[in-house]
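Have a look at the structure below, then the notes.
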Amino acid sequence: MRRADRLFQIIQVLRRNRGPVTADAIAAELETSKRTVYRDIADLVGQQVPIRGEAGVGYVLEGGYDLPPLMLTPDEIEAAVLGAQWVARRGDPELARAAMDLIAKIGVAVPERLRPLVLEPATRAAPNWNALPDRIDMGQARRAIHAGRKIRLAYRDEQDRETQRIIWPFAVGYHETVRLLVAWCELRSDFRSFRTDRVSEAEFLEDRYPERPAALRARWRKYCAEEGLRMRAMREAS
């Protein structure tokens with residue numbers, strides 16, 4: 001790996017980690033020596049990159065520092081294009097258009113030598129022939145999530161029984177053939193996932209729910225982790 005690429009990658013490693021990263025961990029990822037990492041860190045600090053830390057403890061990139069946009073490696077370009085292809089084939093119409101626009105923008109912005117990775121990618125996301133149609137405007141649903149607003153649903157379960165729900169949406173889950181609207185359900189006073197193809201009616205309300213979407217997502221992740229531990233304990237006990 002060229003030295004310039006290695007310095008860039010060290011910044012990337014630090015940027016994607018919230019806690020301190022040791023020289024050992026950086027050296028292992030970049031397949032270089034710990035001594036080289038120490039030397040590169042010192043060079044970056046000398047170039048005014050705001051890295052804090054010390055040997056044996058770890059290093060942190062301070063907030064507020066960023067790299068010029070679209071300084072992407074070939075692997076990052078392929079990852080971005082593949083991800084955008086996947087969204088273009090499986091996202092709602094607004095997201096699909098945004099994904100195609102993203103691919104076009106990457107193709108214009110990257111250096112000429114890297115453009116074939118965008119225009120003639122070696123990896124492709126397969127078409128999703130079996131996707132079930134959404135029965136709710138997913139563009140509006142995503143905007144409701146960002147704004148922390150409630151949605152009133154008429155929802156049919158797998159036995160085709162319809163219930164009326166007011167939900168606090170905070171995430172959209174993508175499966176191979178269906179999409180899920182993940183929310184707090186006022187009717188059940190609990191987290192629920194609603195298949196978008198089973199929504200009979202949807203009304204997007206102006207009412208804001210009392211928690212931030214990010215706080216609900218954090219509670220939901222904790223809930224899922226606890227449920228996973230509980231299920232594993234039950235399997236082991238049986």
Verify same cluster id: Val45, Val49 (apolar side-chain graph, 4.5 Å): yes

Distance (rounded to the nearest 0.5 Å) between Leu153 CG and Arg192 CZ: 13.5 Å

Heavy-atom closest contact (Ala99 atom, Ala84 atom, distance): CB-O, 3.3 Å

Glu186, CD atom: more than 12 neighbouring heavy atoms under 6.0 Å: yes

Residue pair Phe204 / Ala144: nearest heavy atoms and the distance that separates them: CD2-CB, 4.3 Å

Nearest heavy atoms of Ala23 and Tyr38, plus distance in Å: CB-CE2, 3.4 Å

Interatomic spacing from CG in Leu117 to CD1 in Ile77 - rounded to 0.5 Å: 5.5 Å

Euclidean distance, Arg198 CZ relative to Glu158 CD, rounded to 0.5 Å: 5.5 Å

Transitive ILVMFWY side-chain link Val87 to Val172, under 4.5 Å: yes

Cluster check Trp168, Ile151: I/L/V/M/F/W/Y, side chain < 4.5 angstrom: no

Lys/Arg-Asp/Glu bridge criterion (N-O < 4.0 Å) met for Asp92, Arg179: no

Interatomic distance, Arg39 atom CZ to Thr32 atom OG1 [nearest 0.5 angstrom]: 7.5 Å

In one Ile/Leu/Val/Met/Phe/Trp/Tyr side-chain cluster, 4.5 Å: Leu181, Leu95: yes

Parallel, tilted or perpendicular, as decided by the 30° and 60° cut-offs, for the rings of Trp86 and Tyr174: perpendicular

Sidechain N-carboxylate O distance under 4.0 Å for Glu76, Arg16: no

Side chain Arg208, main chain Ala147, donor-acceptor under 3.5 Å: yes

Single hit among Arg152, Lys150, Arg149 for salt bridge (charged side-chain N to carboxylate O under 4.0 Å, His left out) with Glu206: Arg149

Partner residues of Glu176 under the side-chain hydrogen bond (donor to acceptor under 3.5 Å, both in side chains) criterion, sequence neighbours left out: Arg90

Least distance between heavy atoms, Leu119 atom then Pro121 atom: C-CD, 3.4 Å

Worked verdict on Arg6 versus Gln9 for side chain to side chain donor-acceptor pair (under 3.5 Å): CA-CA 5 Å; Arg6 195 173 62 244; Gln9 285 303 118; over 6 Å; no

Nearest-0.5 Å distance that lies between atom CG in Asp40 and atom CG in Leu7: 5.0 Å

Single-linkage hydrophobic cluster, 4.5 Å side-chain cutoff, Leu132 and Val199 together: no

Atom of Pro169, atom of Ala183 and distance for their closest heavy-atom approach: CA-CB, 3.6 Å

Distance-only criterion, 3.5 Å: show the donor-acceptor pairs between side-chain atoms of residues 54-63 and protein atoms not counting sequence neighbours.
residue: Tyr59; atom: OH; partner: Ala55; partner atom: N; Å: 3.4
residue: Glu62; atom: OE2; partner: Arg52; partner atom: NE; Å: 3.0

Any donor-acceptor pair under 3.5 Å from Asp137 side chain to Gly139 backbone: yes

Pairing of Asp197 and Arg195 as salt bridge, 4.0 angstrom limit: yes

Gln140 and Arg143 side chains, donor-acceptor separation under 3.5 Å: no

Over 12 foreign heavy atoms within 6.0 Å of CZ, Arg212: no

Within 6.0 angstrom of Glu203 CD, more than 12 heavy atoms from elsewhere: yes

Test item: Thr73 and Asp5 side chains (from C-beta on) under 4.5 Å apart, heavy atoms: no

For the student: nearest non-hydrogen atoms of Cys185 and Ile167, plus distance: CA-CG2, 4.4 Å

Ala125 backbone acceptor or donor facing Gln85 side chain under 3.5 Å: yes

Pair Trp184 and Tyr209, ring centroids less than 6.0 Å apart: no

Phe191 and Cys224, any side-chain heavy atoms less than 4.5 Å apart: no

Euclidean distance, Ser200 OG relative to Ile136 CD1, rounded to 0.5 Å: 11.0 Å

Chi angles and distances behind the side-chain contact (heavy atoms from CB on, under 4.5 Å) call for Ile145, Arg217: CA-CA 11 Å; Ile145 290 172; Arg217 284 191 287 270; 4.0 Å; yes

Donor on one side chain, acceptor on other, Arg165 and Thr163, under 3.5 Å: yes

Flag side-chain contact, heavy atom, 4.5 Å: Val182 against Leu216: no

